[in-house]
Every structure is written in structure tokens, then in C-alpha cells.
Amino acid sequence: MDRAFLEISRVSVRFGNAPLPVLNGIDLKVRKGEYVAVIGHSGCGKSTLLNVVAGLLPATSGGAILEGREVSEPGPDRAVVFQNHSLLPWLTCYENVKLAVDRTVGRDMSKAERHAWTLHNLALVRMDAHAQKRPAEISGGMKQRIGIARALSMKPKVLLLDEPFGALDALTRAHLQDQVMHIHAELGTTVMMITHDVDEAVLLSDRIVMMTNGPNATIGEILDVDLPRPRDRLALASEPKFLAAREAVLRFLHERHALPAAA
Ligand code: ADP
Ligand code: MG
């Protein structure tokens, strides 16, 4: 593979004096522009891994390296979108994005440029018409779109998504997945997305990283999703390659690494 853009190297994480680490020796290399999904059962350590890459949590050993620099703290080059949006409720959608712009890439921009860049990112997620609304006045899906606009507005090297659509209804989720696919095609952003939705992982990703159950979780398998882009969810629904990828992930999760007591 090409030189790794993002490298996760021998990451182990142990919390407090737990007898076993949550994660044990995770190695992963991500190419620039690649869309990687990480899938695994609840509690296996997906968010823990993402938080190490985000710089929100120090690994007990090993670490993450982005473009040759070891991650040691959070930074705008690694923008995170969580399942539950973290918009500031007293600010409008515009102001929520603008705040991120002002604090990062906007420092080198004129006032007019910061304004234009904020609007550009709102338009990217089709939220320009709602720019003056506050979070309480928009739907959950719209809030996630603002969260994505805010993340992208920082021009991150890597977009880190932790189950960003997990709390949304199926139709809204599908709509946002399509938007993220569009944005990924347009900007070529490198994406690491945590999900537990098999269809979502196959639809969006270039590779699917499948994690074994914790504690002591490792990467069990990595699946290449060899489907041409742009991808269309309706056409894929009957595409043999899509169905085969889906089945491979389902088998991993529900046969080889099923939870002992299904919750
Ligand atoms: P996932 O995102 O795959 O559902 P997490 O990464 O959130 O899983 O959690 C993995 C395991 O680590 C869980 O057993 C969880 O209880 C534990 N864990 C996560 N964060 C902490 C923490 N700050 N302190 C102690 N244990 C934690
Ligand atoms: Mg999680």
C-alpha cells in the first residue's frame, strides 16, 4: 500500500487497574483519502480507539501517527463528530460553524473570507437555508449535518466519525450517508468511521476493519470493499459484490465473534 497517511501503531489501552486491556496491540495504516469503517460489537473498544486517534485519550502503549507526527493532544487536523451532536445551543447554526472557523483556518483569513468559508461549509451539508436557526429549532439529522459542517470547516486531515448516524431514524440516516459519500467524493477527505451498522459500513467504505470482542480486543479481519464509486444504494441492494461483502461482515460479527450472551 502507499505510504500510510494515518498509522495506528501497536495501540493498547488499559483503564485503571483492570486485569485486561480493552485494546491489545492495534495496528492499522490508512491511506490519504481512504474511507475506513471500524465495526465491532458494543463495548469492544471502537470509541476508545477513535479517542486515541483524536488525541482525547492517551494510549497505554503505542500510538497514532498522522503524516509523520505522533498524536499527543486533540487538534483541528483531526475533527471528530460524535453520535450526539455537541452544538452550542445559544448559537445559530451559522455561528456554531463560524466559531470553529475563527479558531482554526479562519485565523489566516479576512472577515469576508471567514464568512464565505462558513457559508460554503453550511452549503456542503445543504444547511445554508437554515443558517440562522438555533439547534433547538432543527431536527436531529440537521444537527448532525451542522456537526459535520463544523468538522469539515476546520479542513481536517482526518475526519473521525463515532457512530454519527446512530441516533437517527433509518430514512434520515440513509440521507446523511448519501451526503457523506458525496462530500468524500468531492473533497477526498480521509475518514475513519466507527459504526455498528453493517450496511452502512459496506456502502461507505473502502475497507472495513472488524474488531474482535473485548477485553483484549484486536483487529480480527480487514475486508476490502471492491465496489466502484459513486455508489448508489438502490443499485447496490442487488449487486452480488455488495451482498458478498455484507455477508462476510455479518458472518464475522454473528458467527465467529458473536457475543456469548446476546444482549
Ligand atoms: P465501543 O465504542 O466499542 O462500544 P468503548 O470504546 O466505548 O466501546 O468501550 C470499551 C470498553 O472500555 C468498555 O468495556 C467500556 O466500559 C470501557 N471503558 C471505556 N472508557 C472507559 C473509561 N474512561 N474508564 C474505564 N473504562 C472505560
Ligand atoms: Mg462507542
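Source: prediction; values computed, not measured. Hydrogens, waters and symmetry mates play no part in the numbers below; they use all other heavy atoms, side chains included. Just so you know, ligand 1 is whichever comes first in the structure, and atom 1 is the first atom listed for that ligand.
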Verify same cluster id: Leu187, Phe5 (apolar side-chain graph, 4.5 Å):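 They do not share one cluster, since no chain of ILVMFWY contacts under 4.5 Å joins Leu187 to Phe5.
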
- prompt: Measuring to protein heavy atoms, does anything land under 4.0 Å from atom 27 (C) of ligand 1?
  reply: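 True for atom 27 (C) of ligand 1.
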
message: Looking at atom 7 (O) of ligand 1, tell me if a protein heavy atom falls under 4.0 Å from it.
response: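 Looking at atom 7 (O) of ligand 1, one finds that a protein heavy atom does lie closer than 4.0 Å.
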
Glu7 (side chain) donor-acceptor with Ser9 (main chain) under 3.5 angstrom: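 Such a contact is absent between Glu7 side chain and Ser9 backbone.
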
message: Any atom of ligand 1 sitting under 4.0 Å from a heavy atom of Gly43?
response: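 Yes, Gly43 has a heavy atom closer than 4.0 Å to ligand 1.
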
field: Close approach, Gly40 and ligand 1, non-hydrogen under 4.0 angstrom
entry: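 Gly40 does not count as a contact of ligand 1 under the 4.0 Å cut-off.
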
Distance under 4.0 Å to a non-hydrogen atom of [X]: what atoms of ligand 1 satisfy this?
X	result
Val22	10 (C), 11 (C), 12 (O)
Thr48	5 (P), 6 (O), 9 (O), 10 (C)
Gly45	1 (P), 3 (O), 5 (P), 6 (O), 8 (O), 10 (C)
Ser42	4 (O)

- request: Return a yes/no value for Phe15: is any of its N or O atoms, backbone included, closer than 3.5 angstrom to an N or O of ligand 1?
  value: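 N/O-N/O distance below 3.5 Å does not exist for this pair.
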
For [X] and [Y], which I'm curious about, is there any donor-acceptor pair between the side chains at under 3.5 Å?
X	Y	value
Asn24	Thr218	no
Thr195	Glu163	no
Thr172	Asp169	yes

query: Is Ser47 close enough to the Mg ion (ligand 2) to have an N, O or S atom under 2.8 Å?
result: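 Under 2.8 Å: Ser47 contacts the Mg ion (ligand 2) through an N, O or S atom.
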
- prompt: Are more than 12 heavy atoms from other residues, nucleotides or ligands located less than 6.0 Å from atom CZ of Arg69?
  reply: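 No - once you tally the heavy atoms of other residues, nucleotides and ligands closer than 6.0 Å, there are 12 at most.
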
message: Using the ring centroid of each side chain, check whether Tyr94 and His115 are separated by less than 6.0 Å.
response: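 Between His115 and Tyr94, which both carry aromatic rings, the centre distance is below 6.0 Å.
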
